[in-house]
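Let me begin by presenting the structure, written as structure tokens, before commenting on it.
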Number of protein chains: 2
Amino acid sequence: MTLHDEGPVGADALDRVTWALRRAELAVTALKEQRLRSLGMAAAHYSLLIAVHVDPGLAGAELARRLNVTPQAVASLVTRLEGRGQLERRPHPRHRHVQELHLTDAGRDALRKADSVITEIEQQITEKLGAKDSTQLKALLGQVTDAIQQVQPAGPFSRPVTLRDDGTPG
Amino acid sequence: MTLHDEGPVGADALDRVTWALRRAELAVTALKEQRLRSLGMAAAHYSLLIAVHVDPGLAGAELARRLNVTPQAVASLVTRLEGRGQLERRPHPRHRHVQELHLTDAGRDALRKADSVITEIEQQITEKLGAKDSTQLKALLGQVTDAIQQVQPAGPFSRPVTLRDDGTPG
DNA sequence: GGTCGACTATCAAACGTTTGACATGGCGCA
DNA sequence: TGCGCCATGTCAAACGTTTGATAGTCGACC
């Protein structure tokens, strides 16, 4: 936009906020996945369980929007977790075609164990940063999210996108 | 670890650093994908191209490590980008079985356009935060990454993990 | 100089996800 | 009351990725 085109492309690429953001998120996700693995749970399962825990009776489509995945992916996960006896599908009282999602006791138990693992990671980070910096980091990250969603009204683009070989949208 | 087990699980889940981190990264990635889409390029392609641009002659396996994906995924992307004439495979001077990756002129051109889009997003963020906070955000994110890698020596777990239905590692 | 070890690249198969399309059911409006 | 509209959920297919296994090649050590 200004005069950054002068230098070689990507000269400052390694020193960008979005890169630091990506690397941090990648590292955290990888560690979560590793720790959760010993409990026989994937990060996606944890995300789904805790979302249902926070808002019991959630519908699959709504859940998909919150997790930024397609309803199909949610259905897949739900079927799996239901098979494990951790999640339960109940008919919606008003909308017959909709089904509510609820945690079973086994699901709550699994979530409790998984959450302690996640909490432990969270604590390792906050201890390293200190209370003050942790709070500010959260605030700054919130500003980033706001700045993005200000430009992009959280519409149909919040979900992943793929491209065909020729570049046309899939 | 201390006494957080008292309250209901996940009561503070929405106020965690790692959640703020994830949401911010998700938003940024989605926006990048959206903007890059109009150029017929996916974020993964951009990441690969810029990595090759920064370190020309990179081998596929090394590239895979840097991008935190498997060599297979890199090979898939490389084949595609090579088909578009943006990337080039050259024989390695010493190691016959290894192939160097280089950008073509078309690749450099595509990268330049893509990078301007990414830079624009970066600027929108830094403008919103201000120079000072942007710098600190980068520093804090760096601390998070360090804190994680301090526990997890960047070994074979830096790559994504999947789980089978029964919970055993795939 | 020959052999062991490590690394690179590639093939085949399984998995999970997105995409596209369709049937079902509730709700607003004329 | 009847009709169109929107949302939810599910099915079939395509895509991209990881996993597992194999062959080829260089460098080091004996």
Side-chain angles (χ1 to χ4, degrees), chain A residues 26 29-30 33-34 37 41-45 47-48 57-83 87 89-101 155-170, chain B residues 26 29-30 33-34 37 41-45 47-48 57-83 87 89-101 155-170:
Chain A
L26 224 57
T29 299
E33 207 91 42
Q34 176 193 351
R37 189 179 189 174
M41 187 181 293
H45 299 161
S47 300
L48 196 153
L58 222 52
E62 175 61 23
L63 194 47
R65 279 188 290 269
R66 300 200 185 183
L67 300 180
N68 278 287
V69 293
T70 58
Q72 298 285 358
V74 168
S76 174
L77 288 173
V78 166
T79 300
R80 183 166 311 192
L81 291 171
E82 190 182 24
L87 205 61
R89 301 186 205 229
R90 296 186 199 164
H92 193 287
R94 292 189 68 83
H95 306 265
R96 187 185 312 240
H97 199 248
V98 180
Q99 46 198 0
E100 294 184 340
L101 297 176
F157 292 109
S158 301
R159 50 191 56 173
V161 185
T162 57
L163 252 62
R164 286 179 186 275
D165 190 38
D166 52 16
T168 62
Chain B
L26 224 57
T29 298
E33 208 91 42
Q34 176 193 349
R37 189 180 190 173
M41 188 181 293
H45 300 161
S47 301
L48 196 153
L58 222 51
E62 175 62 23
L63 193 48
R65 281 188 289 269
R66 301 199 186 183
L67 299 181
N68 278 288
V69 293
T70 58
Q72 299 285 358
V74 169
S76 174
L77 289 172
V78 167
T79 300
R80 183 165 311 194
L81 291 171
E82 190 183 24
L87 205 59
R89 302 187 205 227
R90 296 185 199 165
H92 193 286
R94 292 190 69 82
H95 305 266
R96 188 185 311 243
H97 199 247
V98 180
Q99 45 197 2
E100 294 184 340
L101 297 177
F157 291 109
S158 301
R159 51 192 53 174
V161 184
T162 56
L163 252 60
R164 286 178 184 275
D165 190 36
D166 51 17
T168 61

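Within every chain, numbering begins at 1; the chains are lettered A, B, ... in the order of the sequence lines, protein sequences first and strands thereafter. The structure presented is a predicted model; accordingly, all values stated were derived computationally and were not measured.
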- prompt: Atom CG in A:L77, atom CG in A:L67: separation rounded to 0.5 Å?
  reply: 8.5 Å
Kindly give the atom pairs (protein nitrogen or oxygen, nucleotide nitrogen or oxygen) under 3.5 Å for nucleotides 5-9 of chain D.
unit_1: D:dT8; atom_1: OP1; unit_2: A:R65; atom_2: NH2; d: 2.9
unit_1: D:dT8; atom_1: OP2; unit_2: A:R65; atom_2: NH1; d: 3.3
unit_1: D:dT8; atom_1: O2; unit_2: A:H97; atom_2: ND1; d: 2.7
unit_1: D:dG9; atom_1: OP1; unit_2: A:Q99; atom_2: N; d: 3.3
unit_1: D:dG9; atom_1: OP2; unit_2: A:G60; atom_2: N; d: 3.3
unit_1: D:dG9; atom_1: OP2; unit_2: A:A61; atom_2: N; d: 2.7
unit_1: D:dG9; atom_1: O3'; unit_2: A:Q99; atom_2: NE2; d: 3.3

- prompt: Pick the nucleotide of DNA chain C nearest each of A:A44 and B:A75; which residue has the one closer to the 5' end?
  reply: B:A75
Could I get a table of every N or O pair under 3.5 Å where one atom is in the protein and the other is in nucleotides 3-6 of chain C?
none

query: For the residue pair B:P93 and B:E100, what are the closest heavy atoms and their distance?
result: CD-OE2, 3.5 Å
query: Under 4.0 Å between a side-chain N or O of B:R94 and OP1 or OP2 of D:dT25?
result: no
query: Which heavy atom of B:A75 sits nearest a heavy atom of B:R89, and at what distance?
result: O-NH2, 4.0 Å
- prompt: Who passes salt bridge (Lys or Arg N to Asp or Glu O under 4.0 Å) against B:R90, sequence neighbours left out?
  reply: B:E88
- request: Mind checking side chain to side chain contact (heavy atoms under 4.5 Å, CB included) for A:R66 and listing every partner two or more places apart, or none if nothing turns up?
  value: A:D55, A:L58, A:E62
- request: Rounded to the nearest angstrom, tell me the gap between atom CG in A:L48 and atom P in C:dG16.
  value: 15 Å
message: So, using side chain to side chain contact (heavy atoms under 4.5 Å, CB included) as the criterion, who are the partners of A:A73 when residues are at least two apart?
response: A:V69, A:T70
- request: Return the value, rounded to whole Å, for the distance between atom CZ of A:R80 and atom C1' of C:dT17.
  value: 11 Å
query: Could you state the interatomic distance from CE (A:M41) to CG (A:L48), rounded to the nearest 0.5 Å?
result: 10.5 Å
- prompt: Does A:T70 make a side-chain N or O approach to OP1 or OP2 of C:dT18 shorter than 4.0 Å?
  reply: yes
- request: State which residues pass side chain to side chain contact (heavy atoms under 4.5 Å, CB included) with B:H95; sequence neighbours excluded, sorted by chain then number.
  value: B:H92, B:V98
query: Please walk me through it: do B:L101 and B:E82 pass side-chain contact (heavy atoms from CB on, under 4.5 Å)?
result: CA-CA 10 Å; B:L101 297 177; B:E82 190 183 24; over 6 Å; no
task: Figure out the NE2/P separation between A:H95 and C:dG26, and round it to whole Å.
output: 8 Å
query: What is the distance, rounded to the nearest whole Å, between atom CG of B:L63 and atom C1' of C:dA9?
result: 14 Å
- prompt: Between A:H45 (NE2) and C:dC15 (P), how many Å, whole number?
  reply: 14 Å
